Amino acid sequence: RALGPAEKKAAVDYLLQYGYLQKSLEGQDDFRPEDIMEALRVFQEASELPVSGQLDDATRAHMKQPRCGLEDPFNQKTLK
Amino acid sequence: YLLLGRWRKKHLTFRILNLPSRLSSRTARAAVHQAFNYWSNVAPLTFREVQAGWADIRLSFHGRQSPYCSNKFDGPGRVLAHADIPELGSVHFDEDEFWTEGTYQGVNLRIIAAHELGHALGLGHSRYTQALMAPVYAGYRPYFELHPDDVAGIQALYGKKSPETKDEEKEETEVLTVPLVPTEPSPMPNPCSGELDAMMLGPHGKTYAFKGDYVWTVTNSGRGPLFRVSALWEGLPGNLDAAVYSPRTQWIHFFKGDKVWRYINFKMSPGFPKKLNRVEPNLDAALYWPLNQKVFLFKGSGYWQWDELARTDFSRYPKPIKELFTGVPDQLSAAMSWQDGRVYFFKGKEYWRLNWQLRVEKGYPQNIAHNWMHCPLQTPATISSVGDETASVTGTILSTPSAMDSIMD
């Protein structure tokens with residue numbers, strides 16, 4: 001099923017809120033698709049989900065789980 | 001694990017500013033206390049609750065709107081709580097969550113509190129999904145315990161919990177290797193005669209008198225039943241030299257010979273008893289002085305001043321008692337600061353009260369038995385008939401559960 005814009009925005013907001021995506025200093029609101037895919041990959045790996053870089057059902061379900069409000073420290077470097 | 005910072009001290013205070021509305025306060029408080037215990041069990045950290053004033057770690061519940069927090073919560077689900085890193089100390093929980101304890105329903109307060117305290121102590125999120133410090137709540141676990149990654153993280157910040165690394169115990173040496181041999185109890189003493197071993201204003205404002213193998217409480221209206229010392233404080237011998245409770249640390253220290261025992265309430269602290277090696281053995285008395293939050297130890301005509309939470313330089317001790325406490329006799333039996341804020345010294349059958357200038361007040365010494373133990377004043381004719389061990393007092397011992405409950409309360 002194709003995701004609606006609201007679902008995509010919710011996912012990006014999540015990735016932003018918890019430190020998987022960093023807003024650029026220039027203030028551009030849009031992220032490149034490859035940046036979002038990379039952030040999703042890191043989130044999936046840190047969450048022990050299948051790493052696809054896609055906003056699949058398992059990833060969206062994990063984003064809805066109750067959690068702590070602090071940012072996550074994960075990126076490709078820390079995961080290594 | 002990830003480290004975000006650390007406290008520069010290991011003995012922290014905390015204050016619970018409010019509690020969730022849908023969980024009983026007793027359950028909620030117990031959950032928060034247990035959350036602290038998870039960390040203090042594996043690292044040389046202590047946490048002391050304060051009811052008022054400033055605290056290092058402050059826990060509170062707020063909803064979507066809070067005038068005191070810029071990070072608003074989002075209603076039930078999603079974000080459950082957040083915390084500041086050291087040395088800020090704020091720990092906030094979402095009031096809108098269904099906080100629970102002991103059930104799979106709702107969100108377990110104990111586990112979330114332990115997670116947020118991990119942040120408050122300096123831990124970031126762990127990538128181990130089964131770790132307490134994982135970012136996502138993994139649900140209620142009846143037999144919850146810290147993940148090795150949690151333990152490794154907190155020990156990277158504060159070290160391992162072991163007697164050798166406790167700063168406050170440097171003045172004491174290794175744990176005794178020879179177990180104490182249980183002995184037959186001495187005859188039950190008569191609170192109305194003879195000399196006390198120790199007096200202590202203990203936790204919850206209770207006054208304890210120690211003599212031989214027995215202890216009893218003293219109130220304004222009378223005295224409580226006699227208990228074996230070891231019945232209240234398991235592992236503690238009778239015939240103590242001194243006893244002192246510190247409201248600063250919640251520690252009770254008992255001294256006998258060259259050994260010291262530490263209890264919190266009625267539970268002996270791990271690693272005790274220990275051997276005294278920087279203070280002389282066979283102390284006479286001990287007291288906690290709230291004005292400077294120090295413990296004073298007395299022997300003969302001298303005293304030592306001890307800071308429980310800092311390395312104390314004892315090289316200038318003992319100092320003469322008379323230099324600090326004017327008019328107090330040497331060779332004390334007992335001493336304590338009492339709930340009226342005054343310092344009392346006991347010796348033989350008499351006691352002395354000090355004024356705010358630490359001078360013995362006019363009209364002292366007075367009679368311990370009459371004023372403290374609620375005994376009738378003895379005339380010369382009756383003194384000879386009241387020995388140290390009388391049958392009448394022997395008959396008052398109570399070891400029933402109900403009586404035990406009342407003193408343990």
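A, B, ... follow the sequence lines: proteins, then strands. Residue 1 opens every chain. Values in this document were obtained by computation on a predicted structure and should not be read as measured data.
Checked options Asp150(B), Leu132(B), Leu123(B); the residue passing with His115(B) is Leu132(B) (criterion: side chain to side chain contact (heavy atoms under 4.5 Å, CB included)). In summary, of the residues considered (Val107(B), Asn108(B), Ile111(B)), a side chain to side chain contact (heavy atoms under 4.5 Å, CB included) with Glu101(B) occurs for Asn108(B) alone.
Looking at Glu48(A) and Thr129(B), their side chains do bring a donor and an acceptor atom within 3.5 Å of each other. Residues Tyr14(A) and Arg67(A) bring a donor and an acceptor atom of their side chains to less than 3.5 Å of each other. Tyr38(B) and Arg110(B) form a side-chain donor-acceptor contact under 3.5 Å, judged by distance and modelled atom types alone. Side chains of Thr100(B) and Thr103(B): a donor-acceptor N/O pair is absent below 3.5 angstrom, by distance only.
Between Arg15(B) and Asp56(B) there is no salt bridge, since no side-chain nitrogen of the basic residue lies less than 4.0 Å from a carboxylate oxygen of the acidic one. Using a cutoff of 4.0 Å between basic side-chain nitrogens and carboxylate oxygens, Asp307(B) and Arg248(B) are scored as salt-bridged. Classification of Arg60(A) and Asp56(A) as a salt-bridged pair fails, no side-chain N sitting under 4.0 Å from a carboxylate O.
Contacts of Gln17(A) with chain B are made by side-chain atoms alone, with heavy-atom separations under 4.5 Å and no backbone atom involved.
Heavy-atom neighbours of Glu34(A) CD from other residues, nucleotides or ligands within 6.0 Å: above the threshold of 12.
Within residues 139-148 of chain B, no residue has any heavy atom closer than 4.5 Å to a heavy atom of chain A. Chain A is approached within less than 4.5 Å, heavy atom to heavy atom, by Leu80(B), Ala81(B), His82(B), Ala83(B) from residues 80-98 of chain B, ordered by number.
Comparing Pro66(A), Gly69(A), Ser47(A) by how many heavy-atom pairs each has under 4.5 Å with chain B, the most go to Pro66(A).
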